[in-house]
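Values reported hereafter were calculated over all heavy atoms of this structure, with side chains retained and with hydrogens, waters and symmetry mates removed. Below, chain A is the first sequence line, B the second, and so on; all start at residue 1. Here the structure is a predicted model, which is why all the values come from computation and not from measurement.
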Number of protein chains: 2
Amino acid sequence: MSPTIKDVARKAGVAQSTVSLVINEGKHISQATRQKVLKAIRELNYHPRRSARVLATRKTGNIGFILADKYFYQAEPFYTRIFLGTEFEARKHNYYVLLTTVHEEFNPKKSIPRYLMEKNVDGVILTGKVSDALILYIKNSGIPVVLIDYFPKEGKFPSVLIDNLQGAYEAVVHLIRLGHRRIGFIGGTIDHPSISDRFKGYGQALEEFGLPKNSSLVAKDLPDSSAEDGYRAARKLLKLSTPPTALFATNDSMAMGSIRAAREAQLKVPDDLAVVGFDDIEVATHTHPPLTTMRVPKEEMGTLAVRKIVELIDSGDKFNEKTLIATELIVRGSCGATKV
Amino acid sequence: MSPTIKDVARKAGVAQSTVSLVINEGKHISQATRQKVLKAIRELNYHPRRSARVLATRKTGNIGFILADKYFYQAEPFYTRIFLGTEFEARKHNYYVLLTTVHEEFNPKKSIPRYLMEKNVDGVILTGKVSDALILYIKNSGIPVVLIDYFPKEGKFPSVLIDNLQGAYEAVVHLIRLGHRRIGFIGGTIDHPSISDRFKGYGQALEEFGLPKNSSLVAKDLPDSSAEDGYRAARKLLKLSTPPTALFATNDSMAMGSIRAAREAQLKVPDDLAVVGFDDIEVATHTHPPLTTMRVPKEEMGTLAVRKIVELIDSGDKFNEKTLIATELIVRGSCGATKV
DNA sequence: GAAAAATATCGAACCGCTTCGAATAATTAA
DNA sequence: TTAATTATTCGAAGCGGTTCGATATTTTTC
């Protein structure tokens, strides 16, 4: 058996509670006893047991991380990166992160992570589009919540979001500046706030530069936002009598699918068709040509979410600020801005 | 405050310990009281608190999942998939999975996950090549360990491994059967047992079919096993006076890099150069042509590892079996077996 | 120099559950 | 019918920490 606080107390010749005070940096401990205790701790290689602490303090030191499973199964390690960011930051604050995936539809029996039932987390980070019902359930259970990359139509929540509107706007402006006048939009389900914002950004850019909004150039509500979806959508757009000369896709997968469609249509990217994606996933570097895209700082989102939730946990506050994270245009080959 | 076992006991009019017996399906409980208690539990919506249980039983219900961080940062969600497999299976056994990443070099101060110090896991799954020192440290701490996809040169450990030798053998035989005689090998650091086994499998296939082993066709010890590594290695091989007509890469990233090299050398894949990879990562579907590869069942590895560790935890046994997982050849466009 | 205030340490209660021996009730064996 | 089993329930003692009120010791204040 590994040593307990009692062993330390005995060895140091002090009371158990004194040891506890030393460990927790309580006030009113003399240097002398502090040293004695620390020495005993060192010699015994003592580490307080988390479980005992949890019971006594009623703080678990755990943060739940909930992710809609469909995101985790997709190829891009987008959310994995976010998770990694949380894990890293959580470690600094001495928290563990418990990851669970849930199905998108809410099911009171299955959707509620065990750790909520078992009172085993101090706060929960919800990532991507999970069901609003689940979000509400957790919020109502009184436990702090932070949302990442999703925001329900109703309600107020602390959240870390991508500045989607601005990002999309910049991406499209970039294309416009390169001389494009017919810019297609390829996007996922528009009822996802992120996508809808990106669509707005697209529209805003067109407007601002006095370009017509042509609905035939818009392929939205693609169900999976997958490469396949992008491929099919792009193929359709490219068959128009006057096809677009540039495409803005709301994620890199679809952008990659578009590139494939262009190649099959014997079009050269970027000369015949410029393509800009969104997310900056790793693979986007490996396409031919490499993809120009809006980078989303994934780890950073995780980091900020953890800071936010730790703050909420510690302070007991109920603030609901949104944090908007700026994206960054990464210019590679697919938009034609860099002449090779 | 949510209800505790006391509340249930009071409501049901029984002793606390009786409630506990009902919950834990102890023997010697009459139907009548069982029903009474269950009713009270239902009405109060009672859930035992994990932390209290942990303290009382000295079982945490947690499994540690340790991963060398460099793996997690790479694009392919290979280990993510494995992790997902563990999380899924762990849930079934009512365990949580705590993920930590560690640096590859062992550092007694930083490498040892907190949950080990804090006695907060019942067992640990180590994935990929982490330092042997860490593995030993954990093993010696007396806590059950299961390794996934790595096995140190010395020592005995329960493990879940890919049948790398057989897999590589089959991949190369596939190329031989397609008529190739000059087959290149592109591989990562050979001191990784998986890679070394794949190299052996490669050699074995050549031998068996009476093909010469030509060291100029072998590019091994590529440091990162990245697409870039594969690209550079392939470029070199393709510049030989008599270049290979086929390449076997020890992972898909390198295979993808090889395809890029071929394209740049104006070689058509698979006609001028056949390529077979290993792993079957998602992106491999999206290359042009799609990659033929050996599929590694990632989720399955995670599942098996969890089953194994739960067994070790429950039984207290110290078995050290290796479990070899078979790979499966996925024939797509890059090997030339399917005529398009 | 005595009262008041601040500092240092201790003991005991408590967090919410499990578990084990004791107590009681119901059955069975003799 | 009584002793011996067996089934059922209970009470109390942990598990390993934290925390708060009490006590003892110093230091400050006037």
As a test of reading the structure: which of D/dT9, D/dT18, C/dC17 is closest to the side chain of B/His28, going by heavy atoms? D/dT9
At less than 4.0 Å, is any side-chain N or O atom of B/Arg58 found next to OP1 or OP2 of D/dC15? Yes or no. no
Which is true for A/Thr57 with a 4.0 Å heavy-atom rule: it touches a base, it touches only sugar-phosphate, or it touches nothing? sugar-phosphate
Looking across every strand, which nucleic acid part, if any, lies under 4.0 Å from A/Ile23 by heavy atom: base, sugar-phosphate, or nothing? nothing
C/dC10 C1' sits how many Å from A/Lys6 NZ, rounded? 15 Å
D/dT9 phosphate, OP1 or OP2: any side-chain N/O from B/Thr33 under 4.0 angstrom? yes
Minimum heavy-atom distance B/Ile5-B/Ser20, with the two atoms named: CD1-N, 3.8 Å
Does the Lys NZ or Arg CZ of A/Arg50 fall within the cation-pi geometry relative to A/Tyr96 - under 6.0 Å from the ring centre and within 45° of the axis? yes
In whole angstroms, how far is the P atom of D/dT19 from the CD atom of A/Glu25? 13 Å
Give the rounded distance in Å between these two atoms: CG of A/Leu55 and P of D/dT19. 12 Å
Under 4.0 angstrom, heavy atoms only, what part of the nucleic acid is B/Val54 near: base, sugar-phosphate, or nothing? nothing
Donor-acceptor check, side chain of B/Thr4 to backbone of B/Lys6, threshold 3.5 angstrom: yes or no? yes
I need the CZ-P distance between B/Arg50 and D/dG16, as an integer number of Å. 18 Å
Distance, rounded to the nearest Å, where A/Ile29 contributes CD1 and D/dT25 contributes P: 16 Å
Which is true for B/Ser17 with a 4.0 Å heavy-atom rule: it touches a base, it touches only sugar-phosphate, or it touches nothing? base
Report the residue (B/Ala56 or B/Leu21) whose heavy-atom-nearest nucleotide on DNA chain D is the more 5′ of the two. B/Leu21
When you measure only distances, ignoring hydrogens and angles, does the side chain of A/Ser20 come within 3.5 Å of the base of D/dG17 through a donor and an acceptor? no
Would you confirm whether B/Lys322, through its side chain, and B/Val160, through its main-chain N or O, come within 3.5 Å as a donor-acceptor pair? no
For B/Met117 and D/dG16, give me the distance from atom CE to atom C1', rounded to whole Å. 17 Å
When rounded to whole Å, the CZ to C1' distance for the pair A/Arg34 and C/dA8 reads 11 Å
For atom CG of A/Asn120 and atom C1' of C/dC17, their distance in whole Å: 14 Å
Think A/Arg53 has a side-chain N or O under 4.0 angstrom from the OP1 or OP2 of D/dT18? yes
With a cut-off of less than 4.0 Å, is there a side-chain N or O of B/Thr18 near OP1 or OP2 of D/dC10? yes
Describe, in one word, how the ring planes of A/Phe151 and A/Phe157 are oriented to each other, choosing from parallel (under 30°), tilted (30 to 60°) and perpendicular (over 60°). perpendicular
Would one find a side-chain N or O of A/Ser30 under 4.0 angstrom from OP1 or OP2 of C/dT9? yes
